[in-house]
Engineer: 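Questions regarding the structure given below will be posed in turn.
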Amino acid sequence: MIIFLKYLLNLNEYNFIFIVGKRGVGLKSAIRNLLIVLLLLIIAAGGGIWYVWNGMKPVEPSGSAVTFTVQKGMGSSEIADLLEKNGIIRSALLFKGYLKWTNEGSQFKAGTYSAAPGATYDNLIAQLNAGDVVKKETVVFTIPEGYTVEQIADRLAQAWGKEASVFLSLMDKGEGLKETEVLGVPQDQDLRHRLEGYLFPETYELVKGSTPQQIVEKLMDELQKKLDSIPDWQTRLKERGMTLHELLTVASLVEREVVVDSERPLVAGVIYNRLKKGQKLEIDATVQYLLGRQKERLLYKDLEIKSPYNTYRNTGLPPGPICNPGLASIKAALAPEASDYYFYVTKKDGTHTHLFAKTYKEHLSNVKKSQQGAKETSS
């Protein structure tokens with residue numbers, strides 16, 4: 001092609017006259033003009049190709065990675081402009097064209113990303129498609145089953161570097177927490193801590209910047225999720241003629257009284273048997289809750305503490321939960337094991353299991369067996 005053009009340009013007037021006759025001079029001029037136009041078009045096309053090639057080249061690596069945030073609802077065109085604005089790509093226009101050519105951009109995910117100048121188009125597209133966002137600094141903490149509100153407040157204070165009183169105040173009032181209304185947490189002056197029983201024991205990982213309110217709400221939200229994992233729990237609760245507050249109260253008693261999971265439904269059944277009969281529950285854990293500390297052995301004076309929580313002095317359930325129960329205890333309270341037992345005593349042989357009895361006489365015999373087991377274990 002180039003040789004042919006050169007040949008045409010070098011033709012003399014006589015050759016043209018020979019070829020085309022009297023109109024040769026005019027044709028030669030037209031051909032020269034055409035060739036000039038073609039040459040200009042070739043130069044323009046080359047410039048365009050160079051512009052595209054240069055514009056699509058990754059930005060020269062310089063400095064550290066840049067953080068940018070893709071807001072929810074942002075389109076690929078806005079994201080392209082954002083990338084150019086942050087110096088990650090050279091041309092938003094070319095990036096938009098590349099997205100259209102490769103049929104990409106519809107699956108980009110919102111979030112905060114980090115990308116260094118010099119990233120290729122394909123790498124950026126893959127990152128945005130995968131939602132490979134910047135990992136936020138988090139705090140991991142564990143709330144053991146059976147922890148009281150006061151213990152949880154201390155644990156949160158330690159994990160988040162705040163005063164325990166900040167969390168305890170929220171747990172006592174429960175105000176401004178959306179889950180308080182969702183779970184129907186009662187407001188009763190007899191309650192020691194309003195949210196006792198409603199903070200689910202679990203291992204959590206939350207963003208470091210979470211507020212005390214967000215943290216407490218997360219613990220309550222987890223309880224709702226765990227309840228919803230139990231098939232037809234609300235229907236079964238109605239069939240028992242109980243409120244959620246009463247269910248969590250029974251579950252908290254089971255949590256503090258039982259160590260072995262297999263015995264939880266049976267102990268729950270004993271509690272219901274006593275309630276139905278109008279017999280005092282006489283559960284040591286309720287007195288321990290009043291004392292605020294775990295005693296090796298309760299004294300008679302401890303059993304005489306005047307409080308609606310003291311099940312040695314009052315019939316029925318205490319005003320509310322005495323701890324925050326785990327899922328096994330909640331399930332046991334919802335589906336107790338039927339039996340004729342009204343008494344139980346912990347074995348002192350290290351197994352953490354119980355001896356159950358139908359009558360008080362049998363119970364006294366079991367108490368002796370338990371004490372004997374303790375002597376045998378110590379010897």
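Just so it is clear, the model here is predicted, and its values are computed rather than measured.
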Engineer: Does Glu337 offer a backbone N or O that forms a donor-acceptor pair with the side chain of Tyr272 under 3.5 Å?
Structural biologist: no
Engineer: Among Met171, Gln151, Lys162, whose side chain to side chain contact (heavy atoms under 4.5 Å, CB included) with Leu156 holds?
Structural biologist: Met171
Engineer: Among side-chain atoms of Asn310 and Ser307, is any donor-acceptor pair under 3.5 angstrom?
Structural biologist: no
Engineer: For residues Asp349 and Thr351, is any side-chain donor paired with an opposing acceptor at under 3.5 Å?
Structural biologist: yes
Engineer: Does the distance from a Lys or Arg side-chain N to an Asp or Glu carboxylate O, for Lys225 and Asp228, drop under 4.0 Å?
Structural biologist: no
Engineer: Return yes if some donor-acceptor pair links the side-chain N/O of Ser169 with the main-chain N/O of Ser165 below 3.5 Å, else return no.
Structural biologist: no
Engineer: Taking atom types as modelled, find out whether Tyr309 and Arg192 have a side-chain donor-acceptor pair closer than 3.5 angstrom.
Structural biologist: no
Engineer: Kindly say whether His354 contributes a backbone atom to a donor-acceptor pair with the side chain of Glu263 at under 3.5 angstrom?
Structural biologist: yes
Engineer: Has Arg194 got a side-chain atom pairing as donor or acceptor with Val185's backbone, closer than 3.5 angstrom?
Structural biologist: yes
Engineer: Apply the test side chain to side chain contact (heavy atoms under 4.5 Å, CB included) to residues Gln371 and Lys348: give CA-CA distance (whole Å), side-chain angles for both, the deciding distance (0.1 Å), then the verdict.
Structural biologist: CA-CA 6 Å; Gln371 293 172 344; Lys348 300 295 193 298; 5.8 Å; no
Engineer: I'd like to know if the side chain of Asn324 pairs up with that of Glu145 as donor and acceptor (distance under 3.5 Å, no hydrogens or angles considered).
Structural biologist: no
Engineer: Under 3.5 Å, is there a donor-acceptor pair between the side chain of Arg274 and the main chain of Tyr342?
Structural biologist: yes
Engineer: Would you compute the distance between atom CG of Leu248 and atom CG of Leu253 and round it to the nearest 0.5 angstrom?
Structural biologist: 11.0 Å
Engineer: Search all heavy atoms of Glu217 against all heavy atoms of Leu177 and return the closest pair with its distance.
Structural biologist: OE2-CA, 3.4 Å
Engineer: Just checking, is any N or O donor in the side chain of Glu179 or Tyr198 under 3.5 Å from an acceptor N or O on the other one?
Structural biologist: no
Engineer: Is it the case that more than 12 heavy atoms not belonging to Gln224 sit under 6.0 Å from its CD atom?
Structural biologist: yes
Engineer: Would you compute the distance between atom NZ of Lys96 and atom CG of Asp81 and round it to the nearest 0.5 angstrom?
Structural biologist: 4.0 Å
Engineer: Can you tell me if Glu202 uses its side chain to pair, donor with acceptor, with the backbone of Leu219 under 3.5 Å?
Structural biologist: no
Engineer: May I ask you to check whether Glu104 and Tyr121 show a side-chain donor-acceptor distance below 3.5 Å?
Structural biologist: no
Engineer: Find out if a path of hydrophobic residues (ILVMFWY) with successive side-chain heavy-atom gaps under 4.5 Å connects Ile305 to Tyr300.
Structural biologist: yes
Engineer: Should Glu246 and Arg240 count as an ion pair when the cut-off is N to O under 4.0 Å?
Structural biologist: no
Engineer: Working to the nearest 0.5 angstrom, can you tell me the gap between Tyr147 OH and Glu196 CD?
Structural biologist: 13.0 Å
Engineer: Measuring only between side-chain heavy atoms, which start at C-beta, is Tyr113 closer than 4.5 Å to Leu124?
Structural biologist: no
Engineer: Could you state the interatomic distance from CG (Leu275) to CG (Leu281), rounded to the nearest 0.5 Å?
Structural biologist: 5.0 Å
Engineer: Salt bridge between Asp284 and Arg256, side-chain N to carboxylate O under 4.0 Å?
Structural biologist: no
Engineer: Please check if the side chain of Glu205 supplies one atom and the backbone of Thr138 the other of a donor-acceptor pair under 3.5 Å.
Structural biologist: no
Engineer: Sub-3.5 Å donor-acceptor pair from the side chain of Asn273 to the main-chain atoms of Ser339, do we have one?
Structural biologist: yes
Engineer: Indicate the atoms forming the closest heavy-atom contact of Pro319 with His245, along with that distance.
Structural biologist: O-NE2, 2.9 Å
Engineer: Minimum heavy-atom separation for Ala92 and Ala80, please, with both atom names.
Structural biologist: CB-O, 3.5 Å
Engineer: Between Arg236 and Leu334, is there a donor-acceptor pair closer than 3.5 Å when you use the side chain of the first and the backbone of the second?
Structural biologist: no
Engineer: So does Glu78 have more than 12 non-hydrogen atoms from other groups sitting under 6.0 Å from CD?
Structural biologist: yes
Engineer: Locate the shortest heavy-atom distance separating Pro321 from Ser252; write the atom from each residue and the value.
Structural biologist: CA-OG, 3.3 Å
Engineer: Between NZ of Lys238 and CH2 of Trp233, what distance do you get to the nearest 0.5 Å?
Structural biologist: 9.5 Å
Engineer: Measure across Phe167 and Ile215 and return the closest heavy-atom pair with its distance rounded to 0.1 Å.
Structural biologist: CE2-CD1, 4.0 Å
Engineer: Could you measure the distance from the CD1 atom of Ile88 to the CZ atom of Phe68? Nearest 0.5 Å is fine.
Structural biologist: 4.5 Å
Engineer: Could you check Leu199, Asp221, Thr180 and say which one makes a side chain to side chain contact (heavy atoms under 4.5 Å, CB included) with Val216?
Structural biologist: Leu199
Engineer: Which heavy-atom pair separates Lys280 from Thr311 by the least distance, and what is that distance?
Structural biologist: CB-O, 3.7 Å
Engineer: Going hydrophobic residue to hydrophobic residue with side-chain gaps under 4.5 angstrom, can you get from Val139 over to Leu170?
Structural biologist: yes
Engineer: Looking at Gln127 and Ser114, would you say the former's side chain and the latter's main chain have a donor-acceptor pair under 3.5 Å?
Structural biologist: yes
